[in-house]
Amino acid sequence: MSQWEVRMSNSKGLPYFFNPTTKESSWDPPSGFTKEQIEQFPGAKENLGKTAPARPGQVRASHLLVKHKDSRRPSSWKEANITRTKEEAIEILRGYQAEIGGSPDKFGELAGQHSDCSSHANAGDLGWFGPGQMQKPFEDATFALDVGKISDVVSTESGVHLILRTG
């Protein structure tokens, strides 16, 4: 059985993974576990999918991230070494965009299956955040969206994103 548990970050209001034996912590789920196994970690039921309440000036969003070889960390929970180009990542994201067709439910489904971010475990939900907490292009795009709307492709140092403003 896993030594990993799911805990809630007091500063970010997001769940993270912690191994009390090694004292290792990570925003990304530890590798080598299925989604079903991760959902059985101590604290998973209480913390996965939860976020802290909003404070004034904050927004809430979900995203679907596709990383590329020039991303600041070209690896993810599903791919140890990402070698695709930025253009290929955008093409993949455009395919998801066409499949989503403006549906928040479909967005969450695809983010859960395909996003290169650990938020995939929460259908892409990043929780509440305010100015200065996200990379500038991501922040600008999110604050410009109406609640329930989905952005076009947004490029940051992390990769390329579709963003769904949820609050």
Report whether Leu164 and Phe143 are members of the same hydrophobic cluster (ILVMFWY, side-chain heavy atoms less than 4.5 Å apart, transitive linking). no

Common cluster, Leu145/Leu64, ILVMFWY with side-chain heavy-atom separation under 4.5 Å: no

Measuring from atom [atom1] of [X] to atom [atom2] of [Y], what distance do you get when rounded to the nearest 0.5 angstrom?
X      : Y      : atom1 : atom2 : value
Thr22  : Asn19  : OG1   : CG    : 3.5 Å
Asp105 : Ile100 : CG    : CD1   : 11.5 Å
Ile92  : His68  : CD1   : NE2   : 11.0 Å
Phe17  : Trp4   : CZ    : CH2   : 9.0 Å
Asn122 : Ser62  : CG    : OG    : 8.5 Å
Ser26  : Tyr16  : OG    : OH    : 11.5 Å

Please report the shortest heavy-atom distance between [X] and [Y], naming the atom on each side.
X     : Y      : result
Ser71 : Gly159 : OG-CA, 3.6 Å
Ser75 : Ala80  : CB-O, 2.9 Å
Thr21 : Gln3   : OG1-OE1, 3.0 Å
Glu99 : Leu110 : OE2-CD2, 3.7 Å

Would you be so kind as to tabulate the donor-acceptor pairs closer than 3.5 Å made by side chains of residues 147-156, with sequence neighbours excluded?
| from | atom 1 | to | atom 2 | distance (Å) |
| --- | --- | --- | --- | --- |
| Ser151 | OG | Ile163 | N | 2.9 |
| Asp152 | OD1 | Arg94 | NH1 | 2.6 |
| Asp152 | OD1 | Gln97 | NE2 | 3.1 |
| Ser155 | OG | Lys86 | NZ | 3.0 |
| Thr156 | OG1 | Gln135 | OE1 | 3.3 |
| Thr156 | OG1 | Ser158 | N | 3.1 |
| Thr156 | OG1 | His161 | NE2 | 2.7 |

Do side-chain atoms of [X] reach the backbone of [Y] as a donor and acceptor pair under 3.5 angstrom?
X      : Y      : answer
Gln37  : Thr34  : yes
Lys106 : Ser103 : no
Arg72  : Glu157 : no

Taking the side chain as C-beta and beyond, is there a heavy-atom pair between [X] and [Y] under 4.5 Å?
X      : Y      : value
Phe138 : Leu65  : no
Met8   : Glu46  : no
Lys78  : His114 : yes

Please step through side-chain contact (heavy atoms from CB on, under 4.5 Å) for the pair Gln133 and Glu139, ending with a clear verdict. CA-CA 8 Å; Gln133 290 187 276; Glu139 176 184 311; over 6 Å; no

Run Thr166 and Val59 through side-chain contact (heavy atoms from CB on, under 4.5 Å) and show every step you take. CA-CA 8 Å; Thr166 56; Val59 295; over 6 Å; no

Around atom CD of Gln113, are there more than 12 heavy atoms of other residues, nucleotides or ligands at under 6.0 Å? yes

Asp125 pairs by side chain to side chain donor-acceptor pair (under 3.5 Å) with which of His63, His120, Arg60?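 Result for side chain to side chain donor-acceptor pair (under 3.5 Å) with Asp125: Arg60.
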
Under 6.0 Å between ring centres, would you say that holds for Phe107 and Tyr96? no

Do you know which of Val160, Ile82, Ile90 makes side-chain contact (heavy atoms from CB on, under 4.5 Å) with Val66? Val160

I'd like to know if Arg84 and Asp116 make a salt bridge, using a cut-off of under 4.0 Å between side-chain N and carboxylate O. yes

Are Thr142 and Phe129 close enough, and set up right, to give a side-chain contact (heavy atoms from CB on, under 4.5 Å), and what steps lead you there? CA-CA 10 Å; Thr142 304; Phe129 59 89; 3.6 Å; yes

